[in-house]
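Let me begin by presenting the structure, written as structure tokens, before commenting on it.
Proteins come first, then strands; the chains are lettered A, B, ... in the order of their sequence lines, and each starts at number 1. Note that this is a predicted model, so its numbers are computed, not measured.
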Amino acid sequence: MTGGAFVGGGDADGQPYRYETDSTAAALHDAFDGIDDGSETGTVVSIAGRLMLRRVQGKLAFATLADSTGRVQLFAPQKTTPQFDDFTGRSIGDWIGVRGEVMKTRRGELSVRVDEWTSLARTRRPFPDKWKGITDPDTRYRQRYVDLWVTPDARDTFVLRSRLLSLTRRWLEERDFLEVETPVFHPIPGGALARPFSTHHNALDQELFLRIAPELYLKRLTVAGFERVFEIARVFRNEGLSTRHNPEFTMLEAYQAYADWDDIMVLVEELIAHLAVELTGSTTVTYDGRDVDLATPWRRATLPELVAERTGVQVSLEDGLDRLRDVAAELGVPVDDAHGAGKILLEIYEKTTEPHLWGPIFVTEYPKEVSPLARDHRSTPGMTERFEAIIAGRELCNGFTELTDAVEQRARFDEQATQKAAGDDEAMVVDEDYLRALDYGLPPTGGIGIGIDRLVMLLADVTTIRDVILFPTLRPEQTGAPSGGSVDNDQGEDVD
RNA sequence: GCCCCUGUAGCCAAGCCUGGUCACGGCAGCGGACUUUUAAUCCGAAGAUCGUGGGUUCGAAUCCCACCAGGGGCACCA
């Protein structure tokens with residue numbers, strides 16, 4: 001991939017610094033698709049974009065211009081097109097600006113006649129096959145700037161993602177939620193059970209962790225009196241990659257004072273149903289060839305109920321550790337000696353039942369042992385008021401009535417510390433400042449974390465997370481350049 | 001980390017199982033023809049360390065080994 005990739009000569013000379021447009025491909029189609037074949041409009045417009053196709057036939061040329069809204073044909077007769085030979089010699093992929101009358105060809109294709117045109121930028125690399133595009137996933141992800149031109153679905157997915165974020169913000173703001181930004185650098189990784197990335201701050205000579213969740217900072221803000229807050233947070237987890245996992249991903253977290261898990265479940269189902277209608281036109285969406293009906297209300301069922309439904313075995317924390325071990329063995333679920341009753345119950349659910357759920361469904365009541373930030377269930381001992389939503393067979397969110405009691409929270413952290421000492425490197429660390437915040441009083445609060453990437457996957461009907469992340473995490477590309485040197489940290493000239 | 005699959009020009013892609021004349025083609029790019037095309041069409045010339053390194057063989061894109069990169073699955077998580 002060296003010299004051979006370059007074609008043509010660069011002609012940065014004469015490239016303008018700006019170009020005035022007054023229309024777009026989509027706007028032209030909206031306004032003029034109804035005109036008669038072979039007619040002219042008398043309307044002159046300026047548009048700009050990339051040349052994607054070209055059909056030259058001697059003294060008449062057609063081209064397809066693509067901009068961010070779509071495509072429109074250019075009509076260029078030799079008689080009226082300035083520098084006609086130069087125009088027909090443009091490469092596919094070149095950026096041009098065109099000014100001319102809107103008209104429709106005899107064959108009924110809406111077009112802009114090229115009365116004036118300006119080269120805006122040339123491509124020095126050939127564009128992919130105009131029909132097949134790029135099929136190699138590696139190339140698509142590494143060269144997304146090309147992929148987005150030649151893979152229409154890719155562009156649509158990212159437009160949907162943008163609209164989803166915008167709609168989500170608006171929907172929450174209409175309900176008096178305040179969008180906030182909390183630190184990405186955490187001195188103590190917290191708010192979830194996951195391995196963090198770590199980095200080092202030179203001036204402070206301190207290890208910092210990239211956040212695995214914004215949860216503890218958002219709840220600090222509830223202590224601070226922001227009664228409804230949310231953050232659309234990029235979070236980072238130092239774990240494996242898969243079709244459902246990227247090391248950096250986006251999570252929506254929202255916290256509502258005076259609310260409990262029931263309120264939050266309603267919030268989640270209403271938000272997601274709303275997004276489905278706005279983005280797909282219906283509460284029924286098709287995912288991976290199968291329908292899922294997101295109309296509210298969604299089913300709610302407790303975790304032990306669902307296990308019983310699936311396996312026919314009644315399970316409960318009250319059965320005790322030995323009985324649960326036996327059940328796990330019966331069902332062929334491997335468990336660790338270090339696992340407590342709660343962890344075993346969760347393992348049984350995850351191995352036997354969760355894979356068969358399609359949803360949408362709220363799975364409620366998770367064991368305390370595996371839910372260190374959730375509040376004790378108001379009536380079921382050993383369980384918490386925690387729920388997850390399963391939609392289209394995928395875990396989409398995790399929410400609960402928040403644990404507000406500082407003494408109880410310290411006990412939960414201590415339990416986590418014990419697990420960490422026992423070798424669980426995803427266990428939490430005691431966060432003294434968070435405990436101090438709780439000491440000041442956290443009101444009853446309900447909270448939720450929603451995996452935005454997975455929500456986009458659901459509504460865009462794509463099955464790999466890399467198709468909803470513009471630049472997914474990949475190994476560094478082999479450039480062919482000899483390794484060593486060149487990327488050492490510059491010896492930091494101070495310029496401030 | 002384990003298992004399976006893939007890697008042929010800028011892009012798409014045949015050949016690989018059943019080793020054997022200058023590695024089949026298409027798009028883009030280059031030269032030429034063409035005044036209503038729609039992946040325009042037609043003619044011409046050109047473009048390839050067959051992922052990398054070893055091995056087997058008279059002979060390797062093809063068979064074997066290792067490595068690199070990517071995809072899918074398992075495991076962990078959202």
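Within the structure, a side-chain polar atom (N or O) of A/Thr243 is placed less than 4.0 Å from OP1 or OP2 of B/G73. Phosphate contact (OP1/OP2 of B/A28, side-chain N/O of A/Thr123, threshold under 4.0 Å): absent. Distances shown here put every side-chain N or O of A/Ser242 at or beyond 4.0 Å from the OP1 or OP2 atom of B/A75.
Rounded to whole angstrom, the span from the CG atom of A/Leu241 across to the P atom of B/G73 amounts to 13 Å. Per the geometry, NE2 belonging to A/His29 stands 17 Å off P belonging to B/U38, to the nearest Å. To the nearest angstrom, P of B/U6 lies 19 Å from OH of A/Tyr141. To the nearest angstrom, P of B/U36 lies 12 Å from NZ of A/Lys79. Rounded to whole Å, the distance from CG on A/Asp336 to C1' on B/A75 is 14 Å. Atom pair A/Leu74:CG and B/U36:C1' shows a separation of 14 Å (rounding to whole Å applied). Whole-Å rounding puts the A/Arg90 CZ to B/A28 C1' distance at 16 Å. Rounded to whole angstrom, the span from the CG atom of A/Leu474 across to the C1' atom of B/C68 amounts to 15 Å.
Base-pair partner of B/G7: B/C68 (Watson-Crick or G-U wobble, both distances under 3.5 Å). Of the nucleotides present, B/C74 is the one that pairs with B/G1 by Watson-Crick or G-U wobble criteria, both distances under 3.5 Å. Remark: B/U38 base-pairs with no nucleotide; criterion is Watson-Crick or G-U wobble with both hydrogen-bond distances under 3.5 Å. In this structure, B/G47 forms no base pair with any nucleotide, since neither Watson-Crick nor G-U wobble geometry is met with both distances under 3.5 Å.
Salt bridge present: A/Glu179 and A/Arg169 bring a charged side-chain N and a carboxylate O closer than 4.0 Å. Ion pairing between A/Asp431 and A/Arg220 holds under the 4.0 Å rule for side-chain N and carboxylate O.
Both the sub-6.0 Å distance and the 45° axial angle are satisfied by A/Arg155 relative to the ring of A/Trp149. A cation-pi geometry, defined here as NZ or CZ lying under 6.0 Å from the six-membered ring centre and within 45° of its normal, holds between A/Arg386 and A/Tyr366.
Take the nearest nucleotide of RNA chain B for A/Pro137 and for A/Gly108: the residue whose nucleotide is more 5' is A/Gly108.
Of the candidates B/C12, B/U35, B/U36, B/U36 carries the atom nearest the A/Phe75 side chain, counting heavy atoms from C-beta on. Comparing B/U38, B/U35, B/C12 by their nearest atom to the side chain of A/Glu109 picks out B/U38. The side chain of A/Arg142 lies closest to B/A69 when the candidates are B/A69, B/U38, B/C11.
Considering all non-hydrogen atoms of both residues, A/Leu164 and A/Thr168 come closest at O-OG1, 2.7 Å.
When ring centroids are compared, A/Phe209 and A/Phe197 stay outside the 6.0 Å threshold. A distance below 6.0 Å separates the ring centres of A/Trp298 and A/Phe362.
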From CA spacing to verdict: side chain to side chain donor-acceptor pair (under 3.5 Å), A/Thr151, A/Arg144: CA-CA 10 Å; A/Thr151 313; A/Arg144 189 69 93 180; over 6 Å; no
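Among the atoms of the strands shown, base atoms are found under 4.0 Å from some heavy atom of A/Asn246. Using a 4.0 Å heavy-atom cutoff across all strands shown, A/Glu426 reaches sugar-phosphate atoms only and no base atom.
Side-chain atoms of A/Gln78 and base atoms of B/U35 include no donor and acceptor less than 3.5 Å apart. No hydrogens or angles were tested; on distance alone, a donor-acceptor pair under 3.5 Å links the side chain of A/Asp129 to the base of B/G26.
Rounded to the nearest Å, the gap between the C1' atom of B/G32 and that of B/C22 is 27 Å.
Using the six-membered ring where Trp is involved, A/Tyr287 and A/Trp358 have ring planes that are tilted, between 30° and 60° apart.
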Short heteroatom pairs, N/O only, protein and nucleotides 40-47 of chain B, under 3.5 Å:
{"unit_1": "B/A40", "atom_1": "OP1", "unit_2": "A/Lys130", "atom_2": "NZ", "d": "2.7"}
{"unit_1": "B/A40", "atom_1": "OP2", "unit_2": "A/Arg55", "atom_2": "NH1", "d": "2.9"}
{"unit_1": "B/A40", "atom_1": "N6", "unit_2": "A/Val56", "atom_2": "O", "d": "2.9"}
{"unit_1": "B/A40", "atom_1": "N1", "unit_2": "A/Gln57", "atom_2": "OE1", "d": "3.4"}

